[in-house]
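Letters A, B, ... are given to chains in the order of the sequence lines, protein chains preceding strands, and every chain is numbered from 1.
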Amino acid sequence: MREQTYTVQGEAVRIHVVEHESDLTRFKDFVRRHLRGLAVDSETTGLDIYAPTNRVRLVQFGNKTDAWVVPVEHGRPFEEAARRALLGLDQLVIQNASFDLAVFDRHLGIPQEQLWDKTVDTQILAKLIDPRARDKGGIGTSLEDLTDHYISTEIAAEVKGLMARLAKEHKTTKTKIWKLIDLAHPEYNLYAGMDCILVARLVGMLLPRIPHSARDLISFEHEVAEICSSMARTGFLVDVEYTRALSSRLSADEQRFTEIARSFGCDNVNSTEQVADVLEHRGVIINGRTPSGKRQVNSTLLDTLVAQGDQFAKAVKEAKRARKWRTTWVDTFLREMDVDSRCHASINTLQARTGRMSITGIPAQTLPAGDWIIRRCFIADEGQLIASVDYKAQELRVLAALARDQTMIRAFAEGADLHMMTARAAFGPEANDKQHRKIAKTVNFGRVYGGAAKMVHEATGISMDTAKSVVDAFDRRYPGVAAYSRQLAKVAAGQGYVTTPSGRRLPVDPSRSYAALNYVVQSTSRDVTCRGLVKLHRAGFTPYLRLPIHDEVVASLPSDRANWGADRIANLMAEQMGPVLVDTDPEVGSRSWGSLYGAEH
DNA sequence: CAGGTTAGCACC
DNA sequence: AAACGGTGCTAACCTG
């Protein structure tokens, strides 16, 4: 038994480090005296909790003044004491609970479902107060940021620097120190114990600061986090044979095109500088400049050259593409998958300032949509088929409902082609060719993003004058949208934030109040998808869900009931928003995800 | 040389 | 009057 003391907000706090089995008696006494709730944290060998070598090392429990550090790595009795404490407590307060509950599930055998109901996640609370990261002008939502803002700048800096310093002392990196550090190292134990003490202090400060409008979101967001944690735990099955073959094929492609680029005098196709040098040497005039003033060589330029038959530009494009696809996706899947060939995404349910999710591990939100070869890596479970249900034009329907724009509402009710409708408003009743529709589509989405004529001009290549008239036509055709945008911008400029129908408060930079419309539309769309997830969860579909991707849910469904399941999922997800039905579209493929994008199986 | 920044590109 | 919203990942490059 060892006791370390420290001072927080002028108050002495104690870290009790369990050393021997006999120390557990006092630990259990502490837990018994605080059954109503404690802050909890864990330390593992690394963030890759599904890797075969990953282990949990410490589990910590604490209140505002005392933390107990339990060295579960030392074996059974310690592990058992931590397990009993987790199961016995009435409430757990955890910073980023998704991680620790996954650790307890995987390493201590406590199903997440048993703990989520009694968990309060301080990160969720913090995001309902200010969803922005620190570098985006907000308070930030990491424990370090929250400590800095609500408790003490010094302690935040000290705790942050602590593990970095230990890493340096051990001549290793910040990612590797977690498994190398001695379990009883006093500073490591201080770091571990302080987490709980800080979290225990934060929860009481965060709760009263949550806007009244957002109070119902507290339980909602905890449920969304639970559902996504469950999906992450299930993981997505990888077709290993296909994925390995694809990796080799991409390697070969990269090598072939790299050789061609080299024959033109370019050693490194990934160096924009080198590529620019070779292009200029070949007589290409590069007009574009990056924000820092360097010559810009992007896909627009390269595509133009490829269209003119430039073999060097083609080689650069192909070599870069093959490498990116292999390293960003294919090899990541092979590296990240567990012993059962499953990849576990990490889903941050409240990542963006609008509340949008982010998915890492499987970078599901950025997989190529125009080609099936990457998605073909993921397959349904044995005896199952891949299904996908997405919302039809989700953001535009949400916009129509929020802005109460009568033209848009009618268009969706009648099943009209909204892009065509904008095209006719801009180019007259005879507008019907693909080009007009494409321009109209750009304007429809662009206006939601806050873009103006310049954006349309740059994105479509039409003249600035035509772009202006198309944008004007949009604003005249959908007067409700223009009025709603003005109203939101005014509110944002006045109070610095807007509030969504769900009660979420979204800060808006005063110099960019035009962005308020997009924030509300994007955030409300996200809420629609998440309400859909909650309905699916309550109907028992969670074990079949694989990934949520913005306006879409991907599932693996038993073959004999796949069509029934996809229809049921679609019905549950669809939501009536006032006069607008935010409708859904079910799709059932074959075994692989790629089958929904044109792959054969 | 770890860690941060920039540029490019993948998505909704 | 004009204003393109939100992400993640890799490689190259820069810095302390």
Nearest whole angstrom, please: distance from the [atom2] of [N] to the [atom1] of [X].
{"X": "A:K320", "N": "B:dG8", "atom1": "NZ", "atom2": "C1'", "result": "6 Å"}
{"X": "A:N348", "N": "C:dG6", "atom1": "CG", "atom2": "P", "result": "16 Å"}
{"X": "A:N518", "N": "B:dC12", "atom1": "CG", "atom2": "C1'", "result": "11 Å"}
{"X": "A:L301", "N": "B:dA7", "atom1": "CG", "atom2": "P", "result": "16 Å"}
{"X": "A:E318", "N": "B:dC9", "atom1": "CD", "atom2": "P", "result": "13 Å"}
{"X": "A:M163", "N": "B:dA2", "atom1": "CE", "atom2": "P", "result": "17 Å"}
{"X": "A:E395", "N": "B:dC11", "atom1": "CD", "atom2": "C1'", "result": "12 Å"}
{"X": "A:Q522", "N": "B:dC11", "atom1": "CD", "atom2": "P", "result": "17 Å"}

Assign [X] to base, sugar-phosphate, or nothing according to its heavy-atom contacts below 4.0 angstrom with the strands shown.
{"X": "A:F445", "answer": "nothing"}
{"X": "A:V521", "answer": "nothing"}
{"X": "A:L517", "answer": "nothing"}
{"X": "A:G370", "answer": "sugar-phosphate"}
{"X": "A:R353", "answer": "sugar-phosphate"}
{"X": "A:Q351", "answer": "sugar-phosphate"}

(message) A:K392 and side-chain contact (heavy atoms from CB on, under 4.5 Å): which single residue from A:D585, A:D551, A:T584 fits?
(response)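 Exactly one candidate clears the test, A:D585.
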(message) If we count only N and O atoms by modelled type, under 3.5 Å, do the side chains of A:S469 and A:T466 hold a donor and an acceptor together?
(response)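 Per modelled atom types, A:S469 and A:T466 side chains form no pair under 3.5 Å.
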(request) Taking only Lys NZ, Arg NE, NH1 and NH2, and the carboxylate oxygens of Asp or Glu, determine whether A:R531 and A:E575 approach each other closer than 4.0 Å. (result)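 A salt bridge links A:R531 with A:E575.
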Nearest atoms (heavy-atom pairs only) where [X] meets [Y]:
{"X": "A:N298", "Y": "A:Q296", "answer": "ND2-CD, 3.5 Å"}
{"X": "A:A425", "Y": "A:R477", "answer": "CB-CD, 3.5 Å"}
{"X": "A:R504", "Y": "A:T354", "answer": "CD-O, 4.1 Å"}
{"X": "A:I379", "Y": "A:I386", "answer": "C-CD1, 4.1 Å"}

Nearest of [options] to any side-chain atom of [X]?
{"X": "A:Q296", "options": "B:dG3, B:dG8, C:dG8", "result": "B:dG8"}
{"X": "A:A352", "options": "C:dT7, C:dA3, B:dC11", "result": "C:dT7"}
{"X": "A:Y449", "options": "B:dG8, C:dA3, C:dG5", "result": "C:dG5"}
{"X": "A:W329", "options": "B:dC12, B:dA10, C:dG6", "result": "B:dA10"}
{"X": "A:A369", "options": "B:dC11, B:dG8, C:dG8", "result": "B:dC11"}

N or O in side chain of [X] less than 4.0 angstrom from [N] OP1/OP2:
{"X": "A:K454", "N": "C:dA3", "answer": "yes"}
{"X": "A:R512", "N": "C:dG6", "answer": "yes"}
{"X": "A:Y514", "N": "C:dG5", "answer": "yes"}

(request) Decide if the gap between the ring center of A:W178 and the ring center of A:Y191 is smaller than 6.0 angstrom. (result)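 Here the rings of A:Y191 and A:W178 have centres that are less than 6.0 Å from each other.
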(message) Is the positively charged end of A:R546 above the ring of A:F378, judged by distance under 6.0 angstrom from the centroid and angle within 45° of the axis?
(response)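 No - A:R546 does not lie over the ring of A:F378 by the 6.0 Å and 45° rule.
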(message) Between the base of B:dC12 and the side chain of A:R356, is one N or O donor paired with an acceptor at under 3.5 angstrom?
(response)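 Such a pair exists between side chain and base.
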(message) How would you summarise protein contacts on nucleotides 9-16 of chain C per nucleotide, using B for base, S for sugar-phosphate only and - for none, with heavy-atom distances below 4.0 Å?
(response) BSSSS---
(request) Rounded to whole angstrom, note down the P distance from C:dC4 over to B:dC11. (result)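 So the two P atoms sit 22 Å from each other.
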